[in-house]
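Labels below follow one simple rule: chain letters A, B, ... track the order of the sequence lines, proteins then strands, and each chain is numbered from 1. Because the structure is predicted, anything quoted here is derived from the model rather than measured.
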Amino acid sequence: MKEKVAGAIRQALESGRAGAVLFLAEEEGKLIPRLVRDAGDPAIERAYVGDKRFPASAFAAISLPAVDGVLAVVGRECDRRMMNELAKLNHLDLERVLLLGIPCSQELADACGCDHPVPPEPVAEAEVRPAEALDAPSRSMDIPERLAYWMDHFSRCIRCYGCRNSCPLCVCKDCALEREELAGKDCFPPDIPVFHIIRALDMADRCIDCGICELSCPADIPLRELYREVRGLFKEHFGYEPGISAEDRSPLSFLGEAADLGAHE
Amino acid sequence: MAEANGRRNTADEDIRILAFLCNWCSYAGADLAGVSRLQYPAQVLDVRVMCTGTISPYFVIKAFQEGMDGVIVAGCHIGDCHYLKGNYMTAKRFQFLQRALEVFGIEKERLRLEWVSAAEGEKFANLIRDFTRTISELGPSPLRQGRKEVAVR
Ligand code: SF4
Ligand code: SF4
Ligand code: FES
């Protein structure tokens, strides 16, 4: 796998398909994002293909202005989805990025409960089965139990903003979670559940289920379960799922006729 | 205050309801209900907005956070919005929010979406009566009891 990825990086640069390549390199036991412009760069040998994840798309959006032409990015299917969503938010020009897709390992797919572990046209083929969805304990609860479940988790929140800051798709300049009148006074624990519900509602048509927020949360709040539940509902209600394609637009992003007015016609 | 509004207090005193009403239709409908001296419960606090399309779902959540037991969003009928399609957005947002409330553990009946025109004073009064009954049956919002009781299991 490692050779194939290194080969794909070199090939992208030599063929002129990409002006630069972004990937995670393993250096002295640490993982460091590298932007490489020369096929002879020794960092390419150290390209990392293990199970650790990082939001390549966020780095791509940051690096793009420093790149001439196309930026190739070594990433997973999650990264492809992040890029699609970032493009919809006008944060990334898809014409200028090229994904060198790597499949996830079976272990990672199982741990993530991922049903899409292999990106389209991966640089190396792999036999990885879509995993079973993860447990969502809140789903089988009745309404009062569910509130107690979430409040119990939310009450541990220290308002570090780790979830928001690490999320590759939280890009608004003016964040509702910082508004005192919505989320309570800053520097204090947030008002709950409003803080988490606001974020969950905004993620319903944006979250691509990469799980990075949950990895970042020091309070171990099952954020991914929360966002999965609202996202699943959004899909059921509107038939829209974020990330899959760059063309579809969330029904909540335009006024138009496409609204299903249902009983409220 | 109940007297000042000319409304009679019928339902449970404790229930608090917030109603977002669009300026052009539902607020005028509420006004008509008042002018026509229709009786309806007084636990409703009105918030006049220019169009229901300006209401963010955040406001509804925040209303529950601040102790409201039920929230009404009422605006012009589809096709009558004074900003043409503001209420298309309202329909999408709040039909979804109703269902999403359940994901968080809040009964979806606590949020009501309704179209009330300026001529529908009767409909407005009925809406308030009916909704107040629904909320009285559900009881005070569990969020209102404060995070302490709810948070500690
Ligand atoms: S899983 Fe978390 S970090 Fe990833 S897109 Fe969704 S909200 Fe953002
Ligand atoms: S990362 Fe966890 S503790 Fe930090 S603000 Fe988000 S939910 Fe709260
Ligand atoms: S003006 Fe009444 S809903 Fe838009």
Using the six-membered ring of A/F254, assess whether NZ or CZ of B/K85 lies under 6.0 Å from its centre and within 45 degrees of the ring axis.
no

Would you say B/I106 and A/W150 make side-chain contact, with heavy atoms under 4.5 Å?
no

Proximity breakdown for A/D202 and chain B, heavy-atom pairs closer than 4.5 Å
side chain

Atom CZ of A/R156: over 12 foreign heavy atoms under 6.0 Å
yes

Side-chain donor or acceptor of B/Q65 paired with backbone N/O of A/V194 under 3.5 Å
yes

Side chain, backbone, both or neither of B/L101 within contact of chain A (heavy atoms, under 4.5 Å):
neither

Would you compute the distance between atom CD1 of A/I143 and atom CG of B/L138 and round it to the nearest 0.5 angstrom?
10.5 Å

For the candidates A/R146, A/E229, A/H196, which exhibits the highest count of non-hydrogen atom pairs separated by less than 4.5 Å from chain B?
A/R146

So for A/F234, is it side chain, backbone, both, or neither that comes closer than 4.5 Å to the heavy atoms of chain B?
both

With rounding to the nearest 0.5 angstrom, report the OG to CG distance, B/S56 to A/L201.
8.5 Å

Close side-chain approach of A/V230 and B/F104, heavy atoms under 4.5 Å:
yes

According to the interplanar angle, ranging from 0 to 90°, do the rings of B/F96 and A/F238 count as parallel (below 30°), tilted (30 to 60°) or perpendicular (above 60°)?
tilted

In short, salt bridge (Lys or Arg N to Asp or Glu O under 4.0 Å) pairs touching residues 215-224 of chain A with sequence neighbours left out are A/D209-A/R224

Closest contact, heavy atoms only, A/P193 versus B/L143:
CD-CD2, 3.6 Å

Can you tell me if A/E132 has over 12 outside heavy atoms packed within less than 6.0 Å of its CD?
no

Who in residues 162-182 of chain A is close to chain B, using a strict under-4.5 Å heavy-atom cut-off?
A/A176, A/E181, A/L182

Salt bridge present between B/R99 and A/E236 (N-O < 4.0 angstrom):
yes

Test side chain to side chain contact (heavy atoms under 4.5 Å, CB included) on B/V103 and A/L233 and set out the steps.
CA-CA 9 Å; B/V103 170; A/L233 180 66; 4.1 Å; yes

Shortest non-hydrogen contact from B/M89 to A/L252?
CE-O, 3.2 Å

If every non-hydrogen atom of A/L255 is compared with every non-hydrogen atom of B/K92, which pair is closest and at what distance?
O-NZ, 3.4 Å

